[in-house]
Amino acid sequence: MPDRRTGDAPTAVVAKRVDRGRADLTEITELARAAGYEVTASLTQTREQDPAYHFGEGKADELARLVAREDADVLIVDNEVGPYQTFNIGSKLPEGVEVVDRFTLILDIFGQRAQTRKAQLQVELAELRYELPRAEVKASLAKRDERPGFMGLGEYDESRERDIKAQISRIKDELDAIAETEEKRRERRRESGFDLVALAGYTNAGKSTLLRRLADDLDVDENAEKHPDLDSTAESENQLFTTLGTTTRRANTGKRDVLLTDTVGFISDLPHWLVESFKSTLQSVYHADLVLLVVDASEPVEEMREKLVTSHDTLYERNEAPIVTVFNKVDRLDEEELRRKREALSALAPNPVCVSGLTGDRVDDLRERVEAELPDWKRERLLLPLSDDAMSLVSWVHDNGHVEREEYDATQVDLEFEAPPSVVEQARSRAADLDSQAPPESVESP
Ligand SMILES: Nc1nc2c(ncn2[C@@H]2O[C@H](COP(=O)(O)OP(=O)(O)OP(=O)(O)O)[C@@H](O)[C@H]2O)c(=O)[nH]1
Ligand SMILES: [Mg+2]
């Protein structure tokens, strides 16, 4: 196969079957492009699934001729093609041409982008889960045909399935350990007064662009030591699955200190095992204080609806946080069109915030909305003695909450602030410790 890195792009023919209506090849073509393929031809069919070839056998022959004529490197099928069907279609194709289904293609993209240990493990896990039922099929085909080496797979080895299962369980353990570390980190961040906000949504909706728009660059640098894991890059590209790992940056929404996390995009028609493999990437969404569900509002309303449904399905059951829908890319449509879309989608996306991450238009509305939707902060007033310890508590409150009033007299400082409940509690208990040195006074605010 030609090397994708040398600019000599491998070529692909894409195909798709639907039960009824017309097959739309836009997304699969985008996926192929994201994986590095040049799509040279395509074919669709509207018919019920054929058990042997997925497509009708006549169509499978036509596909084979097209692939041969185009001299394509792969045939990409935008359907869930069973292991037997893959084998049958493959046997009609010219020697060496692979059949790539939607999931293998997505895994291929993920594999190319996976940079962190976690991302690599997730890809490996998904590949193994994909391979497991196929290993079973290979086993039974090999037995049936008494051709142990068919498809160039080498000698069939009974232990392959056992191996796969063992590897799956090992990777799951490692991913669980990573998830636990991340959960502890989230707790630490909450305790130090951060609200955790996650950007979620369909791939290419503009999540990373919004992250960059909302994030406060300077603060990330200043806090690099305090939060060494904060990543300063969140690339945007007009391409599916630009973001694979999670990126967290500090954002300023006014009073609150927010940590904003960008995540892998959602996509429709993913099998359960693939979503499951990337579960730990989505933990930062599932365990956020608030989820911003980003939608590309420049797309046709039916497409927006489908992508909203996919997003809600992905969030469903696991998500604990309130969801705010964000209609992004509003620079690409006029007020009237936006109004129509809001109305048409009002059941799925009640009261959305409309912004342009690209131009920054109305991003202040989004900041305000984030503030308004985050869980309530508590108000507190403390009277502290003038001591070094008290001053360090005052500066800690500044770091972790929002100080409304700070007045000094000869003997004490009168501090009024708003902060998350956990911060208020800690501040109270630290104030009580100070009081053991100089008698304290805590005044309930009105
Ligand atoms: N016109 C317009 N384009 C936008 C806007 N926001 C993002 N884009 C473009 O949309 C494309 C996708 O943006 P990203 O920020 O990479 O989207 P994403 O949701 O992070 O995508 P993935 O990481 O691939 O899931 C890029 O080409 C952006 O420049 C916007 O408000 N207006
Ligand atoms: Mg992104």
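Order of appearance sets the numbers: ligands from 1, and atoms from 1 within every ligand. One-based numbering along the sequence shown. What you see below is based on every heavy atom in this structure, not just the backbone, and it leaves out hydrogens, waters and symmetry mates.
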- prompt: In ligand 1, which numbered atoms sit nearer than 4.0 Å to a non-hydrogen atom of F241?
  reply: 24 (O)

- request: Give yes or no for whether the N/O distance cutoff of 3.5 Å, strictly under, is met between K329 and ligand 1.
  value: yes

Taking atom 19 (O) of ligand 1 as the reference point, the nearest protein heavy atom with its distance: K207 NZ, 2.7 Å

field: Identified side chain to side chain contact (heavy atoms under 4.5 Å, CB included) counterpart of V285 within the set V264, V291, T261
entry: V291

- request: Before accepting this row, confirm whether a basic side-chain N of the pair E299/K329 lies closer than 4.0 Å to the acidic partner's carboxylate O.
  value: no

message: Considering both backbone and side-chain atoms of V264, is one of its nitrogen or oxygen atoms within less than 3.5 Å of a nitrogen or oxygen in ligand 1?
response: no

field: Aromatic contact, F110 with F241 (centres under 6.0 Å)
entry: yes

- prompt: Do K165 and L132 come close enough that some side-chain heavy atom pair is under 4.5 Å?
  reply: yes

field: Contact summary for A35 and L105, nearest pair of heavy atoms
entry: CB-CD1, 3.7 Å

- prompt: Does S208 bring an N, O or S atom to under 2.8 Å of the Mg ion (ligand 2)?
  reply: yes

field: Minimum-distance protein heavy atom relative to atom 24 (O) of ligand 1
entry: T242 N, 2.7 Å

query: In terms of atom number and element, which parts of ligand 1 are under 4.0 angstrom from non-hydrogen atoms of S356?
result: 30 (C), 31 (O), 32 (N)

query: Which of these, T209, N204, D262, T203, has its nearest heavy atom closest to atom 15 (O) of ligand 1?
result: T209

task: List the closest protein heavy-atom neighbour of atom 1 (N) of ligand 1: residue, atom name, distance to the nearest 0.1 Å.
output: D331 OD2, 2.9 Å

Minimum-distance pair of heavy atoms, taken over all atoms of S268 and T310: CB-OG1, 3.5 Å

field: Interfacing atoms of ligand 1 (cut-off 4.0 Å, heavy-atom, L240)
entry: 24 (O)

task: Return yes or no for this condition: an N or O of V355 is under 3.5 Å from an N or O of ligand 1.
output: no

- request: Using distance alone, with no hydrogens and no angle criterion, decide if H402 and R256 have a side-chain donor and acceptor under 3.5 Å apart.
  value: no

- request: Report the nearest protein non-hydrogen atom to atom 6 (N) of ligand 1: residue, atom name, distance rounded to 0.1 Å.
  value: N328 ND2, 3.2 Å

